Amino acid sequence: MAIERTLSIIKPDATKKGVIGKIIARFEEEGLRIAAVRKTHLSLREAQGFYAVHSARGFFGELTEFMSSGPCVVIVLEGENAVLKNRDIMGATNPANAAPNTLRKLYADNVGENAVHGSDSLENAKNEIAYFFRETELH
Ligand code: CMP
């Protein structure tokens, strides 16, 4: 299997709950390495830029206001099949549909405040990683 990199974001609801360490530990337990990590507080403009692909969706305003409402943690995960593996660890977008023991089942409250983001394809992962990190910051 190929070694991939993917972007994870621990969202403001999860940082507020104090589960940053638990989420990062879970990634490592599942065999994903932390290639880069930074705590940040996105401006509304930064959140709008990151989620530009969703700009026509009805929930865009709600999503970008929430993502800029408090600190989050941006992480580059690296490992075998990292894109899909991270999505398995996260669970379904809506925590009501997420499998037991996934991060969203454990820590998310609803589809809007769903604890974590993860890139949905290798191509998007490259773009999302480049949105937050320079190549020289990945180790
Ligand atoms: P994420 O994986 O970060 O990618 C896009 C986000 O849009 C998604 O997680 C959800 O948090 C959010 N989202 C998707 N559908 C809805 C919805 N119906 N209402 C509010 N937010 C949504």
Side-chain angles (χ1 to χ4, degrees):
M1 249 182 276
I3 300 293
E4 297 175 348
R5 283 173 174 166
T6 190
L7 186 85
S8 170
I9 304 178
I10 302 177
K11 297 188 178 186
D13 57 322
T15 64
K16 199 172 175 182
K17 285 179 182 161
V19 292
I20 294 171
K22 285 183 176 160
I23 291 174
I24 290 179
R26 176 70 178 275
F27 291 141
E28 293 189 325
E29 283 159 18
E30 300 269 2
L32 293 170
R33 291 181 293 282
I34 309 299
V37 58
R38 182 169 72 242
K39 192 172 188 185
T40 184
H41 188 146
L42 300 180
S43 65
L44 181 60
R45 201 185 159 109
E46 285 171 320
Q48 288 168 339
F50 182 76
Y51 281 114
V53 66
H54 295 304
S55 60
R57 309 289 288 272
F59 56 79
F60 184 67
E62 190 185 328
L63 171 64
T64 53
E65 274 168 34
F66 164 64
M67 288 301 290
S68 56
S69 68
C72 59
V73 179
V74 288
I75 305 167
V76 178
L77 299 170
E78 183 181 82
E80 278 186 7
N81 213 15
V83 173
L84 270 181
K85 189 172 215 175
N86 181 39
R87 291 184 70 78
D88 284 347
I89 296 167
M90 287 193 301
T93 304
N94 187 339
N97 304 326
N101 205 35
T102 57
L103 294 176
R104 283 168 171 159
K105 181 57 89 183
L106 290 170
Y107 303 123
D109 294 325
N110 55 64
V111 71
E113 304 196 359
N114 63 353
V116 281
H117 166 82
S119 310
D120 64 2
S121 69
L122 197 52
E123 190 189 348
N124 285 344
K126 289 196 172 100
N127 294 332
E128 291 183 0
I129 289 168
Y131 192 81
F132 289 112
F133 294 98
R134 294 192 301 271
E135 186 63 33
T136 52
E137 294 177 301
L138 308 180
H139 305 286

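This is a predicted model, so every value here is computed, not measured.
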How close do [X] and [Y] get, heavy atom to heavy atom, and via which atoms?
X      : Y      : result
Ala125 : Ser119 : CA-OG, 3.4 Å
Arg5   : Val83  : O-CG2, 4.1 Å
His117 : Met90  : C-SD, 3.5 Å

Study note, to complete from the structure: So the side-chain hydrogen bond (donor to acceptor under 3.5 Å, both in side chains) pairs with at least one residue in residues 97-110 (sequence neighbours excluded) are Lys17-Asp109
Check your understanding: Which residue pairs pass the side-chain hydrogen bond (donor to acceptor under 3.5 Å, both in side chains) test with at least one member in residues 35-64, sequence neighbours excluded?
Key -> Ser43-Glu46
Check your understanding: With distance as the sole test, does Glu4 use its side chain to make a donor-acceptor pair with the main-chain N or O of Ala82 at under 3.5 Å?
Key -> yes
Exercise for review: Please answer whether the main-chain N or O of Ala115 pairs with a side-chain N or O of Asp13 as donor and acceptor at a distance below 3.5 Å.
Suggested key: yes
For [X], all residues meeting side-chain hydrogen bond (donor to acceptor under 3.5 Å, both in side chains), sequence neighbours excluded:
X      : value
Asn86  : none
Glu137 : none
Arg87  : none

Give a yes or no on whether [X] and [Y] share a hydrophobic cluster (residues Ile, Leu, Val, Met, Phe, Trp, Tyr; joining criterion: side-chain heavy atoms under 4.5 Å apart).
X      : Y     : value
Leu42  : Leu44 : no
Val37  : Val76 : no
Ile129 : Leu32 : no
Leu77  : Val74 : no

Point to revise | Contacts of type side chain to side chain contact (heavy atoms under 4.5 Å, CB included), residue Thr15, not counting sequence neighbours | key: Ile10, Ile20, Pro71, Val73
**Study point:** Inter-residue atom distance Glu78.CD - Ile34.CD1, 0.5 Å rounding
**Key:** 10.0 Å
Point to revise | Phe50 vs Leu63 side-chain heavy atoms within contact, under 4.5 Å | key: no
